[in-house]
2 protein chains.
Amino acid sequence: MKITIKDIARKAQVSPITVSRALNDKEDINPDTKNRIVKIANDLGYFPNMLAQSLKSKKSKTLGVILRDISDPFYAEILQGISLTAAREGYQIILSISSRSGVNLDLEYNTLKLVLQKQVDGVLIIPEHEDPRYFAYLQKIHTPFVLLNRVPKEIQCDYVSTDQQEGSRLAMSHFIKKGKKHIAYLVRRPLSGVALTRMAACEKTLLEHGLSKDSIRVVECDDTIVAAYEQTKRTLKQNSKVDGVYAWDDVMAMGAVKAAIELGCGIPDDIGIIGYDDIELAKFFNPALTTVRQNIQLIGRTAAEILIEKINNDVLIADKTVILRPELIVRETA
Amino acid sequence: MKITIKDIARKAQVSPITVSRALNDKEDINPDTKNRIVKIANDLGYFPNMLAQSLKSKKSKTLGVILRDISDPFYAEILQGISLTAAREGYQIILSISSRSGVNLDLEYNTLKLVLQKQVDGVLIIPEHEDPRYFAYLQKIHTPFVLLNRVPKEIQCDYVSTDQQEGSRLAMSHFIKKGKKHIAYLVRRPLSGVALTRMAACEKTLLEHGLSKDSIRVVECDDTIVAAYEQTKRTLKQNSKVDGVYAWDDVMAMGAVKAAIELGCGIPDDIGIIGYDDIELAKFFNPALTTVRQNIQLIGRTAAEILIEKINNDVLIADKTVILRPELIVRETA
DNA sequence: GTGAAAGCGCTAACAT
DNA sequence: ATGTTAGCGCTTTCAC
């Protein structure tokens, strides 16, 4: 069955500790013994049991990642960024999906607990809600963590996000420049703090340009492409004045585009559509998406880097807050 | 610091094993003691150390997943399927990226080893090559595994895949029906066994319909949307006769569509394009992708289910081979 | 240069 | 109903 250092020790006629020394390139070992042992280990197909190593060393070389839905390109790209950084630094990843659809506090809470039980050295979290109990719990855990894509006011911690206000400002300014006056803000349900932040920034920008608060309306919608498509269709039908759709993310924007096309609306003239994220496909979509670009993989990479640095320095909170600057990418939909 | 059962034991004036019993709902424990212990455990914010539990029980309740690139929607959806099934069955996932681009045997090999060291109960692998050494190594490991998306002839094992020949047959038949006679097979580089299988099925179908082997040509390409776009542009420019592109996957098909549009080719009349996979976005792309549908999440779910069943039954090889049937989804590009 | 003892946190098996 | 012993696989400390 599974080979342990004991098996090797027996075969090599030495004690287990000698085997350990040989396999870990320690000093104080006779090169001959060492070679002999290494050879036997290879022959037997031995590899160390990291469970035992970690139990002893209290370092698992593992990062927990908690997010909502990997089939969403935005999360997938973040995860990709995290993965590559983690691998480079010698960490593995335990992936946990916090909810399959919508938001579920208990599930997210349990997910975190499970990950912690695995003795991960750190956790990367994309929170899906702002429940104070969750943040309170986070504050008590003894494992370093970094939040992604959320600026938590409730709690002092490290996080990586992008400037959501700037993003919305860019989008609205562009709409205004193009003469749009009746914007639908197609936003993920349930409304999050980030959603409200973006909304407030939109209103602020519109007001600054002399437009009324009524020039933008919130349209809530599940964050799937299908829901965005259907909701946009409904909205455009009910509201012939709407001339711009500001979507929560690119996937929802793509749904909106499809809806507009099917209703025979000209894009961007009848209806301008602006997405968010600039996922890889945005550029290749037809018409190519105008969108607020976040450097998605960079978010993941940066968060992983901060976390690993905290782990290495044995720090629980480093007060590192990175806010990346978004950028408007003007293409064909607005 | 981190709380252990010892800490609880001390506080409760009992022995550690009593704590263990209390926390694991065992018989043979005084309900009062139990409640007292559970309360203390909660107060202290205790959670078990799964490293220790696993070391003892030799079950880690963890699955390894090895794949290539999560930012690719196809892999992401597979991973999503795996994740949900694993979570439902009480397993967690260690995710390992086998290579960032292209194919790298050593990396894939090391990735596997690392995952095994973590004592996962099983491994799900989407292999990226057919190196016999890798398969030879797989045959020797004492951990159950399931291969996805590959029909390995080199080795007896469990796998979940789709009928690649049928998929290509469907695509070619459709092209023929539409009068296409000069197909470019836009395929991922480096060429894999699956790629050749699909190619052979294409040729066979064409011959059966009285067309010559020359009616299809292989166009190799990195499997990114950008590369597919560029390669398609090049191909269409050099070869005015090409009237159909059969793409390796939907992402590449989207790149091809963009190229065709930019060259002013009418889709599907001048150029028909057929993708593969039917990722969620395929339907919403403009023009909507005609594609060979695989039920992607089902591949992941099925593989995870087979693996977990093997783990539960303590079986290394169950000889379960599931070949899912693909389906042609005719939309607007062909 | 090598080994013996001890312990990481937890839990079966065997007492009491 | 509770405690003792022992051991999962590995490594640190100290002795030889």
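Chain naming here is simple, since letters A, B, ... match the order of the sequence lines and numbering starts at 1 in each.
The nearest whole Å value for the distance from the CG atom in Asp28(B) to the P atom in dA13(C) is 13 Å. With rounding to whole Å, Lys59(B) atom NZ is found 16 Å from dT11(C) atom P. Atom CD1 of Ile37(A) and atom P of dG1(C) are 14 Å apart (whole Å). Protein atom CZ of Arg36(A) is 12 Å distant from nucleotide atom C1' of dT2(C), rounded to whole Å.
No side-chain donor from either of Asn149(A) and Ser161(A) sits under 3.5 Å from a side-chain acceptor of the other. Counted by atom type alone, Gln80(A) and Asp69(B) present one or more donor-acceptor pairs between their side chains at under 3.5 Å. Donor-acceptor pairing under 3.5 Å is recorded for the side chains of Gln294(B) and Thr162(B).
Lys118(A) places no side-chain N or O within donor-acceptor distance of the main-chain N or O of Met50(B), the cut-off being under 3.5 Å. Of the possible donor and acceptor atoms, one in the side chain of Glu108(B) sits under 3.5 Å from a partner among the backbone N and O of Glu128(B).
Using a 4.0 Å heavy-atom cutoff across all strands shown, Thr33(B) reaches sugar-phosphate atoms only and no base atom. When heavy atoms are screened at a 4.0 angstrom cut-off, Asn30(B) is found touching the sugar-phosphate backbone but no base atom.
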Show, in sequence, the C-alpha distance, side-chain angles and deciding distance for Lys61(A) and Asp121(A), and conclude whether the salt bridge (charged side-chain N to carboxylate O under 4.0 Å, His left out) test is met.
CA-CA 6 Å; Lys61(A) 282 288 177 179; Asp121(A) 294 336; over 6 Å; no
For every nucleotide of nucleotides 3-16 of chain D, 5' to 3': is a protein heavy atom under 4.0 Å from its base (B), only from its sugar-phosphate (S), or from neither (-)?
BB--BBBBBB----
